[in-house]
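A, B, ... follow the sequence lines: proteins, then strands. Residue 1 opens every chain.
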Amino acid sequence: MAEKPVLTLYNTLTRSKAAFTPIDPENVRMYVCGPTVYDLAHIGNARPVIVFDVLFRLLRLVHGEKHVIYARNITDLDDKINARALRDFGAEIENGTLSLNEAIRRVTEKTANQFHSDVAMLGCLPPTHEPRATEFVQPREDGKADMITLIQRLIERGHAYETNGEVLFDTSSTADYGELSKRNLDEQQAGARVAVDMHKKNPGDFVLWKLSSSEEPGWTSPWGRGRPGWHIECSAMAAAYLGEVFDIHGGGLDLIFPHHENEIAQSRCAHDTKVMANVWMHNGFVQVEGRKMSKSEGNFVTIYELLHEEKFGGRKWPGEVLRLAMLMTHYREPIDFSVKRLEEAERLLAKWPAGGNPNEGRVDASVLTPLFDDLNTVGAVQALHALAQCANNDPLMMPVFAASAELLGVLPKKVEVSKALEDSVESLIQLRLEMLKAKNFDEADKLRDDLAAKGIQLKDGKDPATGERVTTWEVKR
RNA sequence: GGCCUCGUGGCGGAGUGGUGACGCAGAGGACUGCAAAUCCUUGCACCCGAGUUCGAUUCUCGGCGAGGCCUCCA
């Protein structure tokens, strides 16, 4: 008897793969750090969104759609946002037609909306919850966790202190600070470019709350009008929707230190728990044409540009192509985003059959097995490609292919062709066959080209019995 | 300086102590009036050095190289 396959995940905490056992199989909980909405999302931001979307789909398949909760925050509170608001709306704020808060709201709303539109086109399901940081600063009427209460509790428990108008986390107050990034802060100081602030007890202490000037956004708090530090929002929102201890926490590799390290410290110390999340998963970086993507290199590519503008490779790219290209590399490996790679993804996709109904089939084991091995989407895509070839030859395989493709979020959609065009195709095919009989090849080819321009691809074959030419057609993608 | 990844063919990438997956691209062929699609065949690789071993791409050590983090960053 074949053993029931077990989902195995790589855990940054232990630097090893282990079977995933949810705390409560009826209530599997995952948190992923979402975007800070000050600017358009770039292709690097897209990676965790796509990777953890696949994990979300996989968990829903294993545990049932109603038993998986996925929370991904929107950070709409950040000094970069303030700067952007001043840059874009400085004049209006100056002459009093717009308040700072209103300007900030415009920046974050516009950016968040674009983010939603971008990732939807990448085939990502919306998370179960998408909380905004600004709604979790002050104590809430619904009693969900909030940042100020969390900070208060850290002070009460001796893990944080107030100094110089700031509240700082005391990294020396918890013995295993550094367990995620495997850093020992004492050994780390030599050579590190850390400016030691004299008001800090330890160089690694970080801000939980800082005071705001009248030009900066602020919330009233026990420590004066101010705003939270960078890390506390995730601790609050994760606790608000997933509880004090949950199953999986994900994000980009670069967040391991300091962001996730500090999240862990805050959450564990505030809640007095052994762990914040059992499994910590991190996706690798995105490079563009072999080089690190950065604004200074000039190879900074936004999702919007890829989808809607002709900047990358001189053309637009469908969302499914971008998604498949992303899944063709294991999530922990660095990925080199290149035109060549996108072209290969597009070629694959073009060979896959469209129009299957995923609800009529079951995900094939050949696709599931690699995914169970730490989300090996590369193996899954290859297996899917093999299934596609089966489905192309055997319509009975279509539902299996469709269900499997849907799990990866790469099910090709059937392009809608107008009924009138569809009805006319058959008669045009007959017309062309008559032209061919008359060896009127120029006219026949022109007819074929015209149809191709309208999205209809003609395919000539031979009836095996009679040897007659048989022309079939399909909608081009 | 500290810490963490990684190095397989043109490209993407499995995997293994003993003739080296697979996909894409390339080449050749079948089919075709020509295409498209499909099918068949096929070339090409395990960073370097030392060690362990009958034998290493796979294990160990050391290099070299690439990338990342060390309080902006997915």
Side-chain angles (χ1 to χ4, degrees), chain A residues 12 15 32-36 38-39 41-52 78-80 83 169 171 178 180-197 200 203-207 229-231 250-262 282-287 290-295 325 327-336 338 340-341 343-348 350-351 370 373 376-379 381-386 388-389 392-393 436 439-442 444-445 448-449 452 457-462 469 471-474 476:
Chain A
T12 309
R15 314 270 160 170
V32 173
C33 289
T36 300
Y38 71 101
D39 203 354
H42 54 72
I43 192 65
N45 301 110
R47 193 169 192 195
V49 178
I50 293 172
V51 164
F52 291 106
D78 182 276
D79 286 354
K80 286 196 291 290
F169 185 91
T171 50
L180 180 71
S181 54
K182 306 279 184 271
R183 273 163 218 268
N184 178 323
L185 287 186
D186 293 337
E187 289 171 2
Q188 195 138 341
Q189 298 318 314
R193 47 186 164 90
V194 179
V196 179
D197 293 325
K200 289 185 180 180
D205 291 357
F206 55 91
V207 174
W230 173 28
H231 317 291
L253 201 70
D254 54 325
L255 293 180
I256 293 174
F257 191 90
H259 184 54
H260 289 167
E261 196 68 76
N262 292 350
H282 294 94
N283 60 274
F285 257 73
V286 174
Q287 293 176 282
R291 312 185 69 183
K292 179 186 166 150
M293 182 171 67
S294 71
K295 284 185 171 165
L327 297 178
M328 281 171 9
T329 292
H330 185 86
Y331 76 93
R332 284 193 281 124
E333 296 286 320
I335 183 170
D336 184 11
S338 61
K340 193 167 181 176
R341 175 185 203 88
E343 285 171 345
E344 183 173 338
E346 186 165 57
R347 267 192 300 268
L348 278 182
K351 290 181 183 178
D373 179 13
N376 179 6
T377 53
V378 180
V381 166
Q382 296 210 352
L384 191 61
H385 185 54
Q389 288 176 328
N392 277 328
N393 295 324
L436 288 173
K439 302 240 185 270
N440 187 355
F441 295 124
D442 288 347
D445 287 355
R448 183 174 63 193
D449 292 345
Q457 177 72 57
L458 295 189
K459 300 187 291 186
D460 289 340
K462 231 180 193 178
R469 181 194 292 257
T471 301
T472 57
W473 64 279
E474 66 180 20
K476 266 169 71 172

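- Arg448(A) contributes a side-chain N or O that forms a donor-acceptor pair with the base of rA35(B) under 3.5 Å.
- Within the 4.0 angstrom heavy-atom criterion, no nucleotide atom of any strand lies near Lys439(A).
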Scan nucleotides 10-13 of chain B against the protein and return all N/O pairs shorter than 3.5 Å with their distances rounded to 0.1 Å.
| unit_1 | atom_1 | unit_2 | atom_2 | d |
| --- | --- | --- | --- | --- |
| rC11(B) | O4' | Lys340(A) | NZ | 3.4 |
| rG12(B) | O3' | Thr329(A) | OG1 | 3.4 |
| rG12(B) | O3' | Arg341(A) | NH1 | 3.4 |
| rG12(B) | O2' | Met328(A) | O | 3.2 |
| rG12(B) | N2 | Gln382(A) | NE2 | 2.6 |
| rG13(B) | OP1 | Thr329(A) | OG1 | 2.1 |

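- When all heavy atoms of Thr171(A) and Gly204(A) are compared, the pair lying nearest together is CG2-O, 3.5 Å.
- As judged by a 4.0 angstrom heavy-atom cut-off over every strand, Val49(A) is placed among residues making no nucleic acid contact.
- A donor-acceptor pair shorter than 3.5 Å can be found between the side chains of His260(A) and His282(A).
- With RNA chain B read from its 5' end, the first of the two nearest nucleotides for Ser181(A) and Leu255(A) is the one closest to Ser181(A).
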Which atoms of nucleotides 36-47 of chain B (N or O only) lie under 3.5 Å from a protein N or O atom, and what are those distances?
| unit_1 | atom_1 | unit_2 | atom_2 | d |
| --- | --- | --- | --- | --- |
| rA36(B) | N1 | Asp460(A) | O | 3.2 |

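- Using a 4.0 Å heavy-atom criterion, one finds that His42(A) contacts the bases of the nucleic acid, with or without backbone contacts as well.
- Secondary structure note: stems in RNA chain B built from 3 or more consecutive Watson-Crick or G-U wobble pairs under 3.5 Å occupy B:1-7 with B:64-70, B:10-12 with B:22-24, B:26-30 with B:38-42, B:47-51 with B:59-63.
- Listed here is the closest heavy atom pair of Ser181(A) and Glu261(A): OG-OE1, 2.5 Å.
- You won't find any donor-acceptor pair under 3.5 Å spanning the side chain of Arg347(A) and the base of rG23(B), going by distance alone.
- Spacing between rU53(B) and rC70(B) at atom P, rounded to whole Å, works out to 45 Å.
- No donor-acceptor pair under 3.5 Å is formed between the side chain of Gln287(A) and the backbone N or O of Ile335(A).
- Distance check on atom P: rC6(B) versus rG43(B) gives 32 Å, rounded to whole Å.
- Looking at residues two or more places apart in sequence or on another chain, you find no side-chain hydrogen bond (donor to acceptor under 3.5 Å, both in side chains) involving Asn283(A).
- Between rG51(B) and rG13(B), the two P atoms lie 34 Å apart (nearest whole Å).
- Side-chain contact check for Leu327(A) versus Val378(A): every heavy-atom pair is 4.5 Å or farther apart.
- The side-chain heavy atoms of Phe169(A) and Asn262(A), taken from C-beta on, include no pair separated by under 4.5 Å.
- In terms of position along RNA chain B, the nucleotide closest to Arg15(A) lies nearer the 5' end than the nucleotide closest to the other residue of the pair Arg15(A) and Phe285(A).
- Atom pair Arg332(A):CZ and rG68(B):C1' shows a separation of 15 Å (rounding to whole Å applied).
- Spacing of C1' atoms, rA66(B) relative to rG18(B), comes out at 31 Å, to the nearest Å.
- Asp254(A) places its CG atom 8 Å from the P atom of rC70(B), with the value rounded to the nearest Å.
- Per the geometry, CH2 belonging to Trp230(A) stands 8 Å off P belonging to rC72(B), to the nearest Å.
- Distance Arg47(A) CZ to rG68(B) C1': 13 Å, rounded to the nearest Å.
- Side-chain atoms of Arg47(A) never come within 3.5 Å of backbone atoms of Gly44(A) as a donor-acceptor pair (strictly under, hydrogens ignored).
- As a whole-Å value, the separation of Phe206(A) CZ from rC72(B) C1' is 16 Å.
- To the nearest whole angstrom, the two C1' atoms, one in rG28(B) and one in rC46(B), are 27 Å apart.
- For Trp473(A), there are no ring pair (Phe, Tyr, Trp, His ring centres under 6.0 Å) partners, not counting sequence neighbours.
- In this structure, Asn283(A) atom CG and rG68(B) atom C1' are separated by 12 Å, rounded to whole Å.
- Taking atom NE2 of His282(A) as the reference point, atom C1' of rC69(B) lies 11 Å away to the nearest angstrom.
- When heavy atoms are screened at a 4.0 angstrom cut-off, Gly379(A) is found touching no nucleic acid atom at all.
- In this structure, Asp254(A) and Phe285(A) have side chains that are in contact, with non-hydrogen atoms separated by less than 4.5 Å.
- The side-chain hydrogen bond (donor to acceptor under 3.5 Å, both in side chains) check on Asp460(A) picks up Arg432(A), Arg469(A), Thr471(A), with sequence neighbours excluded.
- Rounded to the nearest Å, the gap between the P atom of rA50(B) and that of rU38(B) is 48 Å.
- Of the candidates rC70(B), rC72(B), rG33(B), the closest approach to any side-chain atom of Phe441(A) belongs to rG33(B).
- For the pair Leu348(A) and Met328(A), the minimum side-chain heavy-atom distance is below 4.5 Å.
- One N or O on the side chain of His42(A) and one on the backbone of Asn45(A) form a donor-acceptor pair closer than 3.5 Å.
- If you check every strand for non-hydrogen atoms under 4.0 Å, Ile43(A) touches nothing.
- The interatomic distance linking His259(A) (NE2) with rC72(B) (C1') rounds to 13 Å, in whole Å.
- Nearest heavy atom pair, residue Thr329(A) against residue Pro334(A), reads CG2-O, 3.8 Å.
- Listed pair His385(A) / rC24(B) meets the phosphate criterion, a side-chain N or O lying under 4.0 Å from OP1 or OP2.
- Spacing of C1' atoms, rA14(B) relative to rU58(B), comes out at 13 Å, to the nearest Å.
- One P atom belongs to rU42(B), the other to rA56(B), and the distance between them is 29 Å to the nearest Å.
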